[in-house]
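Written out below as structure tokens is the structure these notes cover.
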Amino acid sequence: MSASPSVSEFEFLGEEAAEFAIPLPSPPVVRRVSVDGGATSALVWGDEPAQIAFLHGGGLNAHTWDATTMALGRPVVALDLPGHGDSAWRDDLDYRAEVIAPAAASALGQLAPDAVAVVGQSLGGLTAIAVAGQRPDLVAALVIVDVSPGLVVGDGNQVRDFLAGPESFATREEIVERAASFGFAVSRAALARGVFLNTRVRDDGQIVFKHHLANRGGGEPVLGTDFRSLWPTLEQYDNPVLLVRATRGFLSDEVVDEFMARVPGAELATIDAGHNVQEDAPVELAAAINGFVVGRPPGRRRRPTAAGP
């Protein structure tokens with residue numbers, strides 16, 4: 001797939017739906033919006049109030065959820081986290097979950113205040129946990145995809161190694177080749193779509209990523225490697241929790257066992273996919289989410305919650 005700079009960000013939806021055999025009887029209703037003075041950008045799917053809110057992983061953006069959203073068949077909001085997609089960058093380069101959670105919470109409060117569940121993958125999953133601690137009124141249920149507070153990120157991490165590469169490229173095809181060498185995406189077409197939607201052409205003609213993590217400019221973005229400070233929030237959270245584990249993802253048996261022991265009542269779904277489950281197996285992930293939230297109307301809580309600061 002090749003695309004000119006004038007191509008709409010929504011132009012690939014039909015191609016993506018066809019790749020995963022997702023029926024689209026009519027063009028999906030989706031639009032880009034911004035809140036908080038343009039600081040946070042998001043994709044709003046459907047005309048009804050959002051039932052699901054999506055938070056993506058580090059180095060990705062709201063479009064990573066496109067196929068999952070189309071398969072889900074529910075009104076959805078997918079945020080660009082701070083420093084990603086069309087959302088504003090942080091001057092301090094600090095993108096730890098607890099630091100970016102207030103911006104995510106503010107956007108969710110405006111765009112998805114009564115969502116049935118907040119779904120987060122990787123950095124987005126950690127951020128969703130932090131939002132649940134800071135604004136429990138916004139998180140009726142949690143779906144955490146291939147991450148855990150018990151995960152310790154060390155050397156050889158696929159995502160961090162990829163992001164540590166060159167800051168600019170002569171062509172998008174160079175980025176596609178690099179991503180393919182890291183084993184990302186299920187097809188060449190999917191890689192090309194993702195690269196196009198996650199890059200821009202700089203004034204000098206070089207191709208650069210839209211996210212701050214790869215535009216370091218001499219600084220080093222902070223993501224954190226130890227997330228244990230999030231355990232108390234998750235252990236005290238008594239609304240429904242679903243952990244989605246990817247068979248080829250980041251969670252070892254020990255990390256999963258710890259999660260299930262420390263979060264009593266949590267459900268577990270295992271999906272044959274790499275770390276980016278929403279891109280590798282969007283139909284299966286959508287089915288897991290739908291099965292988890294069925295019968296839970298928007299706004300339902302297991303217990304009364306008070307708004308945070």
Measure the spacing between CH2 of Trp89 and CG of Asn215 and express it to the nearest 0.5 Å.
4.0 Å
Identify whether the distance between the nearest side-chain nitrogen and carboxylate oxygen of Arg248 and Asp146 falls below 4.0 Å.
no
Is any side-chain heavy atom of Val293 closer than 4.5 Å to a side-chain heavy atom of Arg74?
yes
Do Val118 and Val131 have side chains that get closer than 4.5 Å, going by heavy atoms?
no
Nearest heavy-atom pair of Ala71 and Val283: which atoms, and what distance?
CB-CA, 4.1 Å
Do you know the tightest heavy-atom contact between Ala117 and Val143?
CB-CG2, 4.5 Å
Determine whether Arg90 and Val99 make a side-chain contact, defined as any pair of heavy atoms from C-beta on separated by less than 4.5 Å.
yes
Can you sort out the partners of Asp203 under side chain to side chain donor-acceptor pair (under 3.5 Å), two or more places apart, ordered by chain and number?
none
Minimal heavy-atom distance between Ala246 and Gly274, with the atoms involved, is CB-O, 3.2 Å
Can you find a pair of side-chain heavy atoms, one from Ile144 and one from Leu234, that are under 4.5 Å apart?
yes
Within the structure provided, determine whether Pro49 and Asp114 are in side-chain contact (heavy-atom separation under 4.5 Å).
no
Does a side-chain heavy-atom distance below 4.5 Å link Ile207 with Val201?
yes
Qualifying salt bridge (charged side-chain N to carboxylate O under 4.0 Å, His left out) pairs, either residue in residues 284-294, two or more places apart:
none
Checking Asn239 side chain against Ala140 main chain: does a donor-acceptor pair fall under 3.5 Å?
yes
Would you call the rings of His212 and Tyr95 parallel, tilted or perpendicular if under 30° counts as parallel and over 60° as perpendicular?
perpendicular
CD1 of Ile100 to NE2 of His84: how many Å apart, nearest 0.5 Å?
7.0 Å
For Glu235, enumerate each residue passing the side chain to side chain donor-acceptor pair (under 3.5 Å) test, keeping only those at least two apart in sequence or located in another chain.
Arg262
Apply the test side chain to side chain contact (heavy atoms under 4.5 Å, CB included) to residues Phe54 and Val145: give CA-CA distance (whole Å), side-chain angles for both, the deciding distance (0.1 Å), then the verdict.
CA-CA 11 Å; Phe54 284 121; Val145 182; over 6 Å; no
Checking Asp47 side chain against Val29 main chain: does a donor-acceptor pair fall under 3.5 Å?
no
Value for CG (Leu24) from CE (Met70), rounded to nearest 0.5 Å, stands at 6.0 Å
Mind checking whether Val119 and Trp65 have side chains closer than 4.5 Å, heavy atoms only?
yes
Which side-chain N or O atoms in residues 103-111 pair as donor and acceptor under 3.5 Å with protein atoms at least two apart or in another chain?
{"residue": "Ser106", "atom": "OG", "partner": "Asp36", "partner atom": "OD1", "Å": "3.2"}
{"residue": "Ser106", "atom": "OG", "partner": "Asp36", "partner atom": "OD2", "Å": "2.7"}
{"residue": "Ser106", "atom": "OG", "partner": "Gln110", "partner atom": "NE2", "Å": "3.3"}
{"residue": "Gln110", "atom": "NE2", "partner": "Asp36", "partner atom": "OD1", "Å": "2.9"}
{"residue": "Gln110", "atom": "NE2", "partner": "Ser106", "partner atom": "O", "Å": "3.1"}

Please answer whether the main-chain N or O of Leu251 pairs with a side-chain N or O of Arg245 as donor and acceptor at a distance below 3.5 Å.
yes
Sidechain-backbone polar pair: Gln121 side chain, His275 backbone, donor-acceptor under 3.5 Å
yes
Between Thr199 (side chain) and Phe209 (backbone), is there a donor-acceptor pair under 3.5 Å?
no
Under the 3.5 angstrom rule, does the side chain of Asn290 hit a backbone N or O of Leu72 as a donor-acceptor pair?
yes
Partners meeting side chain to side chain donor-acceptor pair (under 3.5 Å) with Glu48 (sequence neighbours left out):
none
Take Ser148 and Glu258 through the side-chain hydrogen bond (donor to acceptor under 3.5 Å, both in side chains) test and state the conclusion after the steps.
CA-CA 9 Å; Ser148 166; Glu258 179 189 26; 5.2 Å; no
Aromatic plane relationship, Phe12 with Phe196 - under 30° parallel, 30 to 60° tilted, over 60° perpendicular:
perpendicular
Out of curiosity, Leu230 CG to Thr127 OG1, how far, rounded to the nearest 0.5 Å?
8.5 Å
Within the side chain of Ser168, is there an N or O that forms a donor-acceptor pair under 3.5 Å with the backbone of Val208?
no
Identify, with sequence neighbours excluded, every residue that meets salt bridge (charged side-chain N to carboxylate O under 4.0 Å, His left out) alongside Glu174.
none
For Val44 and Val33, work out which heavy atoms get closest and say how close.
CG2-CG2, 3.6 Å
Charged N to carboxylate O below 4.0 Å: is that the case for Arg193 and Glu11?
no
Which heavy atom of Ala50 sits nearest a heavy atom of Ala112, and at what distance?
CB-CB, 3.9 Å
So OG1 of Thr68 and CG of Asp280: to nearest 0.5 Å the spacing works out to 10.0 Å
Are there over 12 heavy-atom neighbours, none belonging to Arg202, within less than 6.0 Å of that residue's CZ?
yes
Point-to-point distance, once rounded to the nearest 0.5 Å, from CD1 of Ile175 to CG of Leu191:
11.0 Å
More than 12 heavy atoms of other residues, nucleotides or ligands under 6.0 Å from CG of Asp91: yes or no?
no
Start with the C-alpha gap between Arg96 and Asp226, add the side-chain angles, then the distance that decides, and say whether salt bridge (charged side-chain N to carboxylate O under 4.0 Å, His left out) holds.
CA-CA 10 Å; Arg96 290 174 296 166; Asp226 188 335; over 6 Å; no
Kindly indicate whether the side chain of Leu43, heavy atoms from C-beta on, has any atom under 4.5 Å from the side chain of Asp66.
yes
